Amino acid sequence: MDASISYPLPAHAVFETALGFMALAWSDNGLTRLCLPEKTHAAAERRLLRLAGHGVVAGDRTPPLWITNLIADIRRYADGADVDFSEVPVDLAGVDDFRRDIYAAARNLHYGETTTYGGLAEKAGRKGLFRETGSALGANPIPLVIPCHRILAAGGKIGGFSATGGSNMKEKMLVLEGVRVGPPQTTQASFGF
């Protein structure tokens, strides 16, 4: 077991990356929650437990190999490596069909590839539902693996982002991927993932 990763409770982990401390939770079916960087280990764990407290299930404290590999890949991503998360198993139990369609379309975006909310809605077979698409992405329980940071506002502007750090974190992630975007918008609501 990696000594630099904390496994304080079953079925979740908090770990440090070049971007900050991140946390994730999983079930037997896949990843259930991922929290983007916080400044401290405690803040990352608090955020995870607040957002997924009921989703953190009892089980063995030792993470499965795919979680160990995912943490290593997230660390590589934070260091600037081109990492493909499209094969990571996700557990979207309780997520409605509309959001599943949006998330599936987002997962098809590759490292450094962006689209708009309207473009993503169209790719998901939900043409014209760009506002609803923005709301679905704001409720995304697994950012980065479901790469909502790659969705931009019309005109190539960065748009809002509901993770800690808001649009600045979104821009930082896009810059890691070689994407340059326009100034952030401040009108999007925060959904807090």
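Remember, it's a predicted structure, so these values are computed and weren't measured experimentally.
- When all heavy atoms of L19 and P37 are compared, the pair lying nearest together is O-CB, 3.4 Å.
- When atom types are taken as modelled, the side chain of T32 and the backbone of D91 share no donor-acceptor pair closer than 3.5 angstrom.
- Atom-to-atom distance recorded for H12:NE2 and I67:CD1 is 12.0 Å, nearest 0.5 angstrom.
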Between R180 and V175, is a side chain to side chain contact (heavy atoms under 4.5 Å, CB included) present by the stated rule, with each step listed?
CA-CA 6 Å; R180 301 281 181 221; V175 167; 3.2 Å; yes
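- Put simply, CZ on R33 and CG on N140 are 8.5 Å apart, with the number rounded to the nearest 0.5 Å.
- Ion pairing between E38 and R47 holds under the 4.0 Å rule for side-chain N and carboxylate O.
- Within the model, atoms OH of Y111 and CZ of R150 stand 8.5 Å from one another, a figure rounded to the nearest 0.5 Å.
- Both F85 and L31 are part of a single hydrophobic cluster, where members link through side-chain heavy atoms under 4.5 Å apart.
- Side-chain N or O atoms of R100 include one that pairs as donor or acceptor with a backbone N or O of L92 at under 3.5 Å.
- Side-chain atoms of R75 do not come within 3.5 Å of backbone N or O of A18 as any donor-acceptor pair.
- Between R99 and P141, the closest heavy-atom pair is NH2-CD, 4.5 Å.
- F161 and M169 get closest at one heavy-atom pair: CE2-CG, 4.2 Å.
- In the hydrophobic cluster analysis, where Ile, Leu, Val, Met, Phe, Trp and Tyr join through side-chain heavy atoms closer than 4.5 angstrom, I146 is grouped together with W66.
- Under a 3.5 Å cut-off, the side chain of Y103 and the backbone N or O of A136 do form a donor-acceptor pair.
- Across P147 and A106, no two heavy atoms sit closer than the pair CG-O, 3.2 Å.
- Under the 4.5 Å side-chain heavy-atom criterion for ILVMFWY residues, a single connected hydrophobic cluster contains both V90 and L109.
- Rounding to the nearest 0.5 Å gives a distance of 9.5 Å between CZ of F130 and OG1 of T116.
- Closest heavy-atom contact between S167 and G160: OG-CA, 3.7 Å.
- Atom CG of L144 sits about 6.5 Å away from atom CG of L36, to the nearest 0.5 Å.
- The backbone N or O of I151 sits less than 3.5 Å from a side-chain atom of K170, completing a donor-acceptor pair.
- When every heavy atom of F98 is checked against every heavy atom of L129, the shortest pair comes out as CE1-CD1, 3.7 Å.
- Summarising the local packing, CZ of R76 is surrounded by more than 12 heavy atoms from other residues, nucleotides or ligands at distances under 6.0 Å.
- Put simply, the side chain of L34 reaches to within 4.5 Å of the side chain of M22, judged on heavy atoms.
- Looking only at side-chain heavy atoms (C-beta outward), F15 and I74 come within less than 4.5 Å of each other.
- For the atom pair NZ (K123) and OG1 (T133), the distance works out to 12.5 Å, reported to the nearest 0.5 Å.
- The main-chain N or O of S86 is found under 3.5 Å from a side-chain atom of R107 such that the two form a donor-acceptor pair.
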Worked check of side chain to side chain contact (heavy atoms under 4.5 Å, CB included) between V88 and D73: CA-CA 11 Å; V88 172; D73 284 345; over 6 Å; no
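- The shortest distance between side-chain heavy atoms of T17 and Y77 does not fall below 4.5 Å.
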